[in-house]
Every structure is written in C-alpha cells, then in structure tokens.
Amino acid sequence: MKANRPEKLGSHGLEIKDLLIYRPKPGPLSTPRCHNEYLNEESKASVHPLIGKIRQQISTDPTLSPEYPCPFGLSEFTRRAIELALGKGCPAILEDRVLAVQTVGCAGAVRLGTEILKHWYTGSSVWHGPLYLASPSDESLAGAFEAAGVQDVRRYRYWDPQLKDVCPQKLLEDLEKAPGHSVIVLSASSHFPTGADLSQKNWRLVAETMTRRRLFPFFLMPAQGLCHGDFERDAWPVRHFAALGMELLCAQSFSHSFGLYGERVGQLLCVLGQNSALLPLRSQAELLARALWSRPPVGGARVVATVLGNPAHLVEWQEGVKRMVERCMLTRERLKEKLRLLGSPGRWDHITQQGGLYCCTGLKVTEVDFLAKKRHVYLLPNGCLNVSAINSRNLDYVAESIHFVLTSNL
C-alpha cells in the first residue's frame, strides 16, 4: 500500500466563488470542491455548537406551527434582522419607514430588490438602469441584475491592482460622472472578492456625493460581523446613510455568520424617506415575493431569530464570530510573515490591511495560472482567495508556492 501523499491544494476552478480549492490527494480522478464558506482548521465548513443546539431544539419543539409563513417571512426574524443592520435606535425604525422581506438567501434579496426598483424607483416609468457595480465584484451579480431586466449595467473603479488597495478618489470621480437616479451597488463590509473596505471618512464622502448627485444606494451585507468581529462597525455604512435620511436597499445574508449555508436565509431591507410610501411598497413587495418564491423557508430563519432574541445566545454567538475573525486575521499575519522570511519580492502589508474571509494577494493572471499548473494552488484569476481555506497544514506550502512564482522567470 502506498503512503498517503502530503496535503496539497487541488483542482482548477474559474467561477468567482472558487476562491481556493483544497484537495488532499491530487489526481485525474479526483473531484474538486469549491469553497466559498468559512472553513475551520480541519478544512470543513463549521457550525457553532450553539447553532447546532438550537436547531435540535427547534426540530423537537411541538409548539411550532407547521403552517406556511406569510410572504414577508417570519415576523420575529425580520424584526431582529432589521435591528441588527440598523440598530434599535435608528430614526427610520422609530418613524416606521422600514420594510423588510425575508428572502431566499442574499441572491434572492438582490433579485427582489431589483424587481422593486423596476416598478417603484422612478415612479413614472419602468426603471432599467443604469446600475453600477464595483470593479472587481462578484461576477454573478451582473448576471443577476441583467436576468431581472436591468439593461444598463456599468462599473465604477474600486480596487487599484498597482497599489493593492481601494481607490476612493477614482470611485468618487466615477460617481460624479454617473447619471442622476443611477443605482450604485455598494459593499457595506468584507468586500468580495478583495476584502478591502472604505474608511468611514471615505464613506462620508461617498454619501455626500450620492446625495448631491441623486444616486440610489443598494448595499450588500452578506457577512455582518465577519469583517471586524464587530457587528455595529460592519454595518456602519448602512447606518450612516440611513441616519442621513437617504432611501436605500440592503441585501442581507446570514449564511456565513451563522453557518447556515444550506438554509438560504436572507433579507431585503428597504429604508424609505417617508412612511407614507410604506403601504404601497409593501403591497408591491408582497406581489413580487409571491411571484418569485411564494413563501420563504423558515428553518434557518427560526435559528437566527432565536439567537438574536435571546441575550445569552446573542453574546455566545457574537463571541464565536469574533473567534472566526481572529483566526482569519492570524492566518493573514502568518502568511505575511512567512512571505517576509522567504524574501518574497514586494511588500505584503495589504494582506493584513484587508478584512473578512477574502484576500487579494496582488498576483497577476499569469502568476495565478503558473500556480495552478505547477503548484496545484488555485486562486481566482485576479489573485483573490478565501483566507479561511489556509490552515496550519498548508500555510507553508501556499507561502512557498507564492514565493516560487514571484521568483521564477515566467
């Protein structure tokens, strides 16, 4: 019997979600697995013990109704999710200017939000764009908006590959040039796939520009808490825009922070300028939700509502999320230090300046291709990867592979 081979990183993948593919025994018959989840030290998608316990309790609770939920989802879930995003003291909540709809994941929230914009945004005619996405961003987003009927999808500059950082000045320049009533899709925190976020100072400038230029914000918040380990800080951009009285949409997901990847727990948050628009929008949203998925699934939503509604559970869950963030940050530090010790060309401070699950290494397309063919390390073409897929067993191999490609004559 042959001895087991050392663990390596595995098979080729080109989709935006294939951040880092891990396969212990590379071979022609192996099946690659794509990882967009938070992976623990054993390279498995982990679930906090509290979440598993609550799921078990829910499954054996005889008092829970087996009936369909209303098209807006579980009311306890939507109420708690609103407070998590905006804060309990948000004026929009107190003035009854917020509508929330439970959706089938973040993708469902994006689709429902787009349908609402088409029928409600301009008021006098059906809206078809323009809509602006960050460059780079999740490649599936453009397709999602186009499938919903948005005919004019454009890009604004967000990431500077030379500086390996966000480029707020270029972003603001593009916002200044955007036509009035354009919709701007913004990442509240943990920008996918770079992991690089705007500072609060730059967010204030973005809000001021968008207000003056009459641009509409559509936030994405797929992993609240997993950027800084601080739920309020991760939601700060959304809360700031709402505090200014701006109307906005926000697509929330609870897959990463609760480990509910197969449950598809999402929410679309709508903040309005006047509460007089709430009832008409509510009627429109109900019709659209019924047409898209009829009723949302309730299992994962019950778990989220239970955690957010119990102070002891809430603290325990938040501590678990903080530990996930700390592990990702420690991985970044170790990767950066390993590259420094190897004498890898260039500076690697950007690795630890980014946050959340994602990291943009700064490697070029040719270097990424070289890693795939020669070292069986697979990143996105733009050099981005899932930090949590790196662990103590493969860290040295990943760092040595990056050093190897940077010191080779390609």
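Hydrogens, waters and symmetry mates are skipped; everything else that's a heavy atom, side chains included, is used.
- At least one side-chain heavy atom of Glu176 sits less than 4.5 Å from a side-chain heavy atom of Arg212.
- Under the side-chain hydrogen bond (donor to acceptor under 3.5 Å, both in side chains) criterion, Ser257 pairs with no residue, sequence neighbours left out.
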Could you go through residues 198-205 and list every donor-acceptor pair under 3.5 Å that involves a side-chain atom there, pairing it with any protein atom two or more places apart or in another chain?
unit_1, atom_1, unit_2, atom_2, d
Ser199, OG, Asn202, N, 3.2
Ser199, OG, Asn202, ND2, 3.2

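- In this structure, Leu335 and Ala399 approach most closely via the heavy-atom pair CD1-CB, 3.9 Å.
- Residues satisfying the ring pair (Phe, Tyr, Trp, His ring centres under 6.0 Å) test with His350, not counting sequence neighbours, are Trp348.
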* Worked check of side-chain contact (heavy atoms from CB on, under 4.5 Å) between Arg55 and Leu260 -> CA-CA 10 Å; Arg55 293 175 76 169; Leu260 298 172; 4.0 Å; yes
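- A search for side-chain hydrogen bond (donor to acceptor under 3.5 Å, both in side chains) contacts involving Gln57 returns nothing, not counting sequence neighbours.
- By the 4.0 Å N-to-carboxylate-O rule, Glu76 lies close enough to Arg79 to be salt-bridged with it.
- Residues Asp160 and Lys164 are not paired through a salt bridge, judged by the lack of any N-O separation under 4.0 Å between the basic side chain and the carboxylate.
- Rounding to the nearest 0.5 angstrom, the gap separating the NE2 atom in His403 from the CG atom in Asp396 is 13.0 Å.
- Judged as a salt bridge (charged side-chain N to carboxylate O under 4.0 Å, His left out), not a single pair has a partner in residues 352-365 (not counting sequence neighbours).
- Here the OG atom belonging to Ser43 is positioned 11.5 Å from the CD atom belonging to Glu37, to the nearest 0.5 angstrom.
- The two atoms that bring Cys328 and Gly356 nearest to each other are CB-O, 4.1 Å, heavy atoms only.
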Check your understanding: Checking side-chain contact (heavy atoms from CB on, under 4.5 Å) for the pair Tyr378/Leu371: CA distance, chi angles, key distance, verdict?
Key -> CA-CA 7 Å; Tyr378 294 84; Leu371 283 177; over 6 Å; no
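- Pairs engaging residues 297-324 under the salt bridge (charged side-chain N to carboxylate O under 4.0 Å, His left out) rule: Glu319-Lys322 [sequence neighbours left out].
- Side chain of Asn391 to main chain of Asn394: a donor-acceptor pair is present (N/O by atom type, distance under 3.5 Å, no hydrogens or angles).
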query: After noting the C-alpha distance and the side-chain angles of Leu269 and Val98, does the key distance pass the side-chain contact (heavy atoms from CB on, under 4.5 Å) rule?
result: CA-CA 7 Å; Leu269 192 66; Val98 180; 3.6 Å; yes
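- Taken from OG1 in Thr114 to CH2 in Trp127, the straight-line distance is 7.0 Å, to the nearest 0.5 Å.
- Ring pair Phe231/Trp317: centre-to-centre distance below 6.0 Å.
- The closest donor-acceptor contact from the side chain of Ser408 to the backbone of Phe404 lies under 3.5 Å.
- The aromatic ring centroids of Phe258 and His48 lie 6.0 Å or more from each other.
- Smallest separation of non-hydrogen atoms from Pro381 and Val365: O-CG2, 3.4 Å.
- Considering every non-hydrogen atom in both Cys384 and Leu379, the closest pair reads O-CB, 3.7 Å.
- Remark: Ile351 CD1 to Met329 CE distance equals 9.5 Å, nearest 0.5 Å.
- The main-chain N or O of Tyr38 is never found under 3.5 Å from a side-chain atom of Ser388 such that the two would form a donor-acceptor pair.
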Exercise. Begin from the C-alpha positions of Phe218 and Tyr132 and carry the test side-chain contact (heavy atoms from CB on, under 4.5 Å) through to its verdict.
Key: CA-CA 10 Å; Phe218 193 150; Tyr132 284 77; over 6 Å; no
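- Judged as a side-chain hydrogen bond (donor to acceptor under 3.5 Å, both in side chains), and not counting sequence neighbours, Asp197 has no contacts.
- Nearest heavy atom pair, residue Arg327 against residue Ile390, reads NH2-O, 3.3 Å.
- The environment of Arg239 atom CZ is dense: over 12 non-hydrogen atoms of other residues, nucleotides or ligands sit within 6.0 angstrom.
- Judged by distance alone, the side chain of Thr361 and the main-chain N or O of Gly383 form a donor-acceptor pair under 3.5 Å.
- Side-chain contact between Glu247 and Phe216 is present, with heavy atoms from C-beta onward closer than 4.5 Å.
- With hydrogens and angles disregarded, a donor-acceptor distance shorter than 3.5 Å links the side chain of Gln102 to the backbone of Pro297.
- Glu41 and Ser392 share a side-chain donor-acceptor pair at under 3.5 Å.
- Proximity of a side-chain donor or acceptor of Ser182 to a complementary backbone N or O of Ala178 within less than 3.5 Å is not detected.
- The distance from atom CG of Leu395 to atom CG of Leu330, rounded to the nearest 0.5 Å, is 9.5 Å.
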Compile the donor-acceptor pairs under 3.5 Å between side chains in residues 284-294 and protein atoms, sequence neighbours left out, one pair per line.
unit_1, atom_1, unit_2, atom_2, d
Glu286, OE2, Arg290, NE, 3.4
Glu286, OE2, Arg290, NH2, 3.3

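- Applying the ring pair (Phe, Tyr, Trp, His ring centres under 6.0 Å) test to Tyr156 and every residue at least two apart in sequence or in another chain returns nothing.
- Both tests do not hold together for Arg264 against Phe254: distance to the six-membered ring centre under 6.0 Å, angle to the ring axis within 45°.
- Not a single donor-acceptor pair under 3.5 Å links the side chain of Ser344 to the backbone N or O of Arg340.
- Arg97 places no side-chain N or O within 3.5 Å of a backbone atom of Asn275 that could act as its donor or acceptor partner.
- Residues passing the side-chain hydrogen bond (donor to acceptor under 3.5 Å, both in side chains) test with Arg332: none are found, sequence neighbours excluded.
- The main-chain N or O of Gly309 is never found under 3.5 Å from a side-chain atom of His313 such that the two would form a donor-acceptor pair.
- A cation-pi arrangement is found for Arg375 relative to Tyr397, the charged atom lying closer than 6.0 Å to the ring centre and inside a 45° cone about the ring normal.
- Using a 4.5 Å heavy-atom cutoff, the side chains of Leu220 and Asp138 are not in contact.
- Contact of the Val325 side chain with the Leu226 side chain is registered, since non-hydrogen atoms from C-beta on lie closer than 4.5 Å.
- Sorted by first and then second residue, the pairs that involve residues 144-158 and meet salt bridge (charged side-chain N to carboxylate O under 4.0 Å, His left out), not counting sequence neighbours, are Asp152-Arg154, Arg157-Glu173, Arg157-Asp174.
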Can I get a per-line list of side-chain donor-acceptor pairs under 3.5 Å for residues 186-193, giving both atom names and the distance, sequence neighbours left out?
unit_1, atom_1, unit_2, atom_2, d
Ser187, OG, Ser189, O, 3.3
Ser189, OG, Asp234, O, 3.4
His191, ND1, Thr194, OG1, 2.7
His191, NE2, Pro136, O, 3.2

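- Across Val238 and Cys250, no two heavy atoms sit closer than the pair CG2-SG, 4.2 Å.
- Between atom CD of residue Glu326 and atom OG1 of residue Thr331 there is a gap of 11.5 Å, rounded to the nearest 0.5 Å.
- Here the side chain of Thr103 pairs a donor or acceptor atom with the backbone of Gln267 at under 3.5 angstrom.
- Glu42 and Lys44 are not joined by a salt bridge, as no carboxylate oxygen comes within less than 4.0 angstrom of a charged side-chain nitrogen.
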